[in-house]
Amino acid sequence: MKPAVFLDRDGVINIDHGYVHQVDDFEYVEGVFDACLALKQMGYKLAVVTNQSGIARGLYTEDQFHTLTEWMDWNFVDKGVELDGIYYCPHHSEKGIGEYKQDCDCRKPKPGMINSAAQFLKIDLSKSAMVGDKRDDMLAAKAAGIPTRILVRTGKDVTQEAIDEATIVLDSIADVPAYLKSL
């Protein structure tokens, strides 16, 4: 069992332009590759856990999401970083269309994606960390038993409710390796 750093996507890995689903709109947060490489070298597994309600809302398809995700994954590989898992939730209980309108256990703030990753990747959640840009990320991590919940300022406006659920607020993912080394 190894520790992991769970990463939200929009607002942590890339700039959140709203329902990002095309390569042309995907803009990496500065320092993301170096930070992830450092985390891997520190012995952490890396798992992306991302709500994708744009699929539920009919704004883009799961195929479009997979195409973008494959491109993103190869970008990481090109920089020497292998992501251990990428988990997504295509559902929304209120705004979903058809089969995507459901109250699932995977949509953050529920811990389903984190728990699936932990089981499949043999992750020790008690030694893991979550990096997210909003309250739902922090709540999902808390529900999964992740003690280190890092809120970053590169995504949604940081709310007091999100700060209250976080262990610490950092400027971006670039600051995460140094923080985790200090623990």
Side-chain angles (χ1 to χ4, degrees), residues 4-37 39-40 44-123 125 128 130-141 143-144 146 152 154-156 172-173 176:
V5 175
F6 291 90
L7 305 169
D8 179 42
R9 193 191 80 177
D10 300 317
V12 174
I13 292 173
N14 60 288
I15 305 297
D16 189 352
H17 295 299
Y19 305 109
V20 176
H21 64 281
Q22 294 179 341
V23 170
D24 290 349
D25 300 327
F26 201 91
E27 181 184 351
Y28 286 101
V29 167
E30 190 175 333
V32 67
F33 296 115
D34 289 341
C36 288
L37 188 57
L39 292 168
K40 290 293 277 192
Y44 288 99
K45 290 187 176 191
L46 294 177
V48 176
V49 287
T50 178
N51 285 350
Q52 291 294 318
S53 74
I55 296 169
R57 296 165 193 256
L59 301 175
Y60 51 94
T61 65
E62 280 191 82
D63 284 345
Q64 287 174 301
F65 169 78
H66 289 302
T67 298
L68 176 62
T69 301
E70 190 173 301
W71 172 84
M72 179 192 81
D73 196 26
W74 279 111
N75 281 209
F76 275 91
V77 170
D78 286 346
K79 302 288 187 186
V81 178
E82 184 135 353
L83 297 172
D84 294 282
I86 300 171
Y87 297 80
Y88 72 101
C89 172
H91 310 117
H92 197 288
S93 62
E94 294 155 23
K95 302 204 165 77
I97 297 167
E99 67 181 302
Y100 297 113
K101 183 174 182 165
Q102 57 176 280
D103 187 8
C104 60
D105 72 343
C106 53
R107 183 171 175 76
K108 294 177 288 182
K110 294 181 183 172
M113 286 186 283
I114 293 170
N115 290 335
S116 292
Q119 187 175 1
F120 186 76
L121 299 171
K122 299 184 177 17
I123 291 169
L125 292 174
S128 294
M130 172 77 202
V131 182
D133 68 325
K134 54 190 165 300
R135 181 173 181 254
D136 283 355
D137 299 320
M138 303 300 105
L139 290 174
I146 294 175
V152 293
T154 47
K156 300 286 183 207
S172 82
I173 190 170
V176 170

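Since the model is a prediction, treat every value here as computed from it, not as a measurement. Numbers for residues simply follow the sequence, beginning at 1.
Scanning for side-chain hydrogen bond (donor to acceptor under 3.5 Å, both in side chains) contacts around Thr50 gives Gln52, with sequence neighbours left out. The salt bridge (Lys or Arg N to Asp or Glu O under 4.0 Å) search around Asp8 returns Lys108, Lys134, not counting sequence neighbours. Applying the side-chain contact (heavy atoms from CB on, under 4.5 Å) criterion to Glu30, with sequence neighbours excluded, gives no partner residue. With sequence neighbours excluded, no residue satisfies ring pair (Phe, Tyr, Trp, His ring centres under 6.0 Å) with His92. Applying the ring pair (Phe, Tyr, Trp, His ring centres under 6.0 Å) criterion to Tyr87, with sequence neighbours excluded, gives no partner residue. Remark: Thr69 engages no residue in a side-chain hydrogen bond (donor to acceptor under 3.5 Å, both in side chains) (not counting sequence neighbours). With sequence neighbours excluded, no residue forms a salt bridge (Lys or Arg N to Asp or Glu O under 4.0 Å) with Asp136. Contacts of Asp103 classified as salt bridge (Lys or Arg N to Asp or Glu O under 4.0 Å), with partners at least two apart in sequence or in another chain: Lys110. Residues that satisfy the side-chain contact (heavy atoms from CB on, under 4.5 Å) test with Val23, not counting sequence neighbours, are Leu68, Trp71. With sequence neighbours left out, Lys40 forms a salt bridge (Lys or Arg N to Asp or Glu O under 4.0 Å) with Asp84. Annotation: ring pair (Phe, Tyr, Trp, His ring centres under 6.0 Å) contacts of Phe33 (sequence neighbours excluded): Tyr28, Phe76. Scored by the side-chain contact (heavy atoms from CB on, under 4.5 Å) test, His21 finds Tyr60, Gln64 as partners (sequence neighbours excluded).
Checked by atom type and distance alone, the side chain of Lys79 never pairs as donor or acceptor with a backbone atom of Asp34 at under 3.5 Å. Checked by atom type and distance alone, the side chain of Thr154 pairs as donor or acceptor with a backbone atom of Gly11 at under 3.5 Å.
Here the closest heavy-atom approach between residue Ala117 and residue Ile123 is recorded as O-CD1, 3.8 Å. Minimum heavy-atom separation, Ala143 to Pro111: CB-CG, 3.8 Å.
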Could you walk me through whether Ile13 and Val29 pass the side chain to side chain contact (heavy atoms under 4.5 Å, CB included) test, one step at a time? CA-CA 6 Å; Ile13 292 173; Val29 167; over 6 Å; no

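Distance CD1/Ile97 to CD1/Ile55: 12.0 Å, rounded to 0.5 Å. Rounding to the nearest 0.5 angstrom, the gap separating the CG atom in Asp133 from the OG atom in Ser172 is 12.0 Å. The CG atom of Asp105 sits 8.5 Å away from the SG atom of Cys89 when rounded to the nearest 0.5 Å. Here Asp73 contributes atom CG and Ile86 contributes atom CD1; the two are 4.0 Å apart, rounded to the nearest 0.5 Å. Distance OG/Ser53 to OH/Tyr19: 4.5 Å, rounded to 0.5 Å. Within the model, atoms CG of Leu7 and CG of Leu83 stand 7.5 Å from one another, a figure rounded to the nearest 0.5 Å.
The neighbour count for Glu82 CD, taken as heavy atoms of other residues, nucleotides or ligands under 6.0 Å away, does not exceed 12. The environment of CD in Glu70 is sparse: at most 12 heavy-atom neighbours from other residues, nucleotides or ligands sit within 6.0 Å.
Leu125 places a side-chain heavy atom less than 4.5 Å from the side chain of Asn115.
Note on ring orientation: taking the six-membered ring where Trp is involved, the planes of Tyr88 and His66 are perpendicular (angle over 60°, cut-offs 30° and 60°).
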